[in-house]
Amino acid sequence: MAEKELLQERERKLRAIIQAGIYPYGGRFDRSVPAREVADAAGDVRLAGRVVTMRNHGKAAFADLEDLSGRIQVYFQQDVLGSVFDLYRLLDIGDIIGISGEPFRTRTGQLTVKVKELTLLSKSNRPLPEKWHGLKDVEIRFRQRYLDLIANPEVREVFIARSLIVSRIRQRLNEEGFLEVETPMMHPIAGGAEARPFVTHHNTLGTDLYLRIAPELYLKRLLVGGLEKVYEINRSFRNEGISPLHNPEFTMLELYAAYADYNVMAEIAEGLILYLLETNIPGVNRSGNRVNYQGVEIDLSPPWRRATLSDLMKEHAGIVDLRNQGELLTCLQKEGAPLTGAETVFDLLDTLFKLKVQPKLVSPVFVMDYPREISPLAKSKPEDVKTVERFELFIAGMEVGNAYSELNDPEEQRRRFAEEVKNNRPDRPKVVDEDYILALSYGMPPAGGLGIGIDRLVMLLTNRPSIREVILFPLLRPQNGG
RNA sequence: GCGCCGUUAGCUCAAUCGGCAGAGCAGCUGACUCUUAAUCAGCAGGUUGAAGGUUCGAUUCCUUCACGGCGUACCA
């Protein structure tokens, strides 16, 4: 039937209900139990939820009522309900109702509530997606996520799992003495990562501002201020491509601990993720320390491998010297990688790493010790100034974490920033962040810092193939006149 | 940005080589007081994403556009 006619049909019922003197959008309704707990209830129950199926039998009818906890069958009989049964006849799938009644078992043993009172709490004016096949159209799923949540129970489970994951991260960090803080999302200089920022404008101040690409530089100012262990879980924004691993706004955990270093950060990252497994979150797809991600078994049993970038490049790509442009180029050409010729040695290194090494990093690996030039905020290794104490954590071939021993030498930091500015590459800072250096110059304790991509971690733990499956409202192109 | 694929009823999907656009669910009418993917009888439901072209004839072939997916580029 044409959508218009379906809407007219619902409109007709809505008018009939109003005609009968019933306001179709009710108010407070005190429930005695969630649907899932009806079996344990003594005496009558009061329930509310959405009508998801209806099976009419003339002077009686069964319906399934769904609330957050689950579904329960309810039974309407004309001889019990009298004129209220007429209201039942005007209900549609999708309506939200409250009922009170007596639990019983049907002949086949199905737990059911025999309805004694019926309250219409919200009339639904549009048809819901189909009950059996659910809602599959990904565009509708993302644009109208509420329909996805109604029609697809596993989607609901993923987002509940995500909420629990985040809350348990907070719980764990709080227990370990970390202080949760909130730092600016609008920055005068976009720093703390290399990424193209979104630009916005403050009218009264008459100044452009950048949506933050990372909270890092503000969190470290707090270390200067004596807040020794801080963390923030919130959005960062990067004006870059969209892919199954990238959404323009995404959620990061960043934490900093004074007097620690990147080795401590590795322990924290490992401990945190294992803790999430241990706490048995429904929807987290684990058995023991193993998770299955997209058909691949991943063993997260500690200790996780720690290998230097240099060793891994040797192991998987046969590269002996990370800084040998010719060697990297030869290897990439052999792989048939498309190159423009304008790549720096570090671009080549990164490309080759992504091509040859990253896909092999299925079990968790801390990739340790990166070139200084691509890590301007990390502290050099004492024995090798060109290499910094930094790791990236890879699981299932996916980068989920990044950590440093934080650079706390203001003069060295200024040189690193100045070098970036001098190189003048697109999307890199055009000015030295003197305000940050000012903070460092008051003395920042040595510290370890760790960032974890929450969206990707949730993908891993809930076995979702795309970041859009773990973000409630992923960015899509606007539909009309955008 | 670029490349490939997709878009058919409210939802899930069919439609042979270019030859009358179809089914299930949802909806409507009737029957039915223990059904549960209720059942039975009947009815209705379409700008085939949009615009243009080729053709006697286009869901099908071509062009452009919109939106989405994947890949790629970008992304320390």
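Just so it is clear: chains get the letters A, B, ... in the order the sequence lines come, proteins before strands, and each one is counted from 1.
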So what does [X] touch, heavy atoms closer than 4.0 Å: a base, only the sugar-phosphate, or nothing?
X	answer
Lys59(A)	base
Ala193(A)	base
Asp64(A)	nothing
Asp137(A)	sugar-phosphate
Arg238(A)	nothing
Phe85(A)	nothing
Ile140(A)	sugar-phosphate
Leu476(A)	sugar-phosphate
Tyr75(A)	base
Arg372(A)	nothing
Pro371(A)	nothing
Gln78(A)	nothing
Arg143(A)	sugar-phosphate

What distance, rounded to whole Å, do you find between the two [atom1] atoms, one in [N] and one in [M]?
N	M	atom1	result
U60(B)	A50(B)	P	11 Å
A44(B)	G53(B)	C1'	35 Å
U59(B)	G52(B)	P	14 Å
G19(B)	A15(B)	P	13 Å
C11(B)	G27(B)	P	15 Å
C65(B)	A23(B)	P	37 Å
C67(B)	C34(B)	C1'	48 Å
G69(B)	U55(B)	P	38 Å

Is it the case that Arg238(A) and Ser236(A) place a side-chain donor and acceptor less than 3.5 Å from each other? no

Check: Arg468(A)/Asn247(A) side-chain N/O donor and acceptor closer than 3.5 Å: no

My understanding is that a pair needs two contacts under 3.5 Å, Watson-Crick or G-U wobble. By that rule, which nucleotide pairs with [N]?
N	value
U63(B)	A51(B)
U33(B)	none
C17(B)	none
G3(B)	C70(B)
A23(B)	U12(B)
C28(B)	G42(B)
G57(B)	none

Are [X] and [N] close enough that a side-chain N or O sits under 4.0 Å from OP1 or OP2?
X	N	value
Arg468(A)	C70(B)	yes
Arg55(A)	C34(B)	no
Arg477(A)	A66(B)	no
Lys131(A)	C11(B)	no

Aromatic contact, Phe394(A) with Phe353(A) (centres under 6.0 Å): yes

Is a side-chain donor or acceptor of Asn423(A) paired with a backbone partner of Glu420(A) at a separation under 3.5 angstrom? no

Is a side-chain N or O of Arg71(A) found less than 3.5 angstrom from the main chain of Glu66(A), in a donor-acceptor match? no

hbond_proxy Glu139(A) side chain to U7(B) base (donor-acceptor, 3.5 Å cutoff): no

Determine whether any donor atom in the side chain of Asp79(A) lies under 3.5 Å from an acceptor atom in the base of U33(B), or the reverse, and answer yes or no. yes

When you compare the side chain of Gln73(A) with that of Thr106(A), does any pair of heavy atoms fall below 4.5 Å? yes

Using the ring of each side chain (for Trp, its six-membered ring), is Phe104(A) parallel, tilted or perpendicular to Tyr75(A), with breaks at 30° and 60°? tilted

Residue mapping more 5' on RNA chain B - nearest nucleotide basis, His133(A) or Lys114(A): His133(A)

Nearest heavy atom decides the nucleotide; on that basis, is Ser466(A) or Lys354(A) closer to the 5' end of RNA chain B? Ser466(A)

Measure from NZ or CZ of Arg221(A) to the centre of the six-membered ring of Tyr218(A), then state whether that distance is under 6.0 Å and the direction lies within 45° of the axis. yes

Nucleotide nearest [X] (side chain, heavy atoms from C-beta), chosen from [options]:
X	options	result
His57(A)	C11(B), C74(B), C32(B)	C32(B)
Lys13(A)	U33(B), G10(B), C28(B)	C28(B)
Arg107(A)	U35(B), C11(B), C70(B)	U35(B)

Distance check needed: G69(B) C1' versus Ile242(A) CD1, whole Å only. 13 Å

Nearest whole Å is fine: how far is A44(B) P from Glu9(A) CD? 15 Å

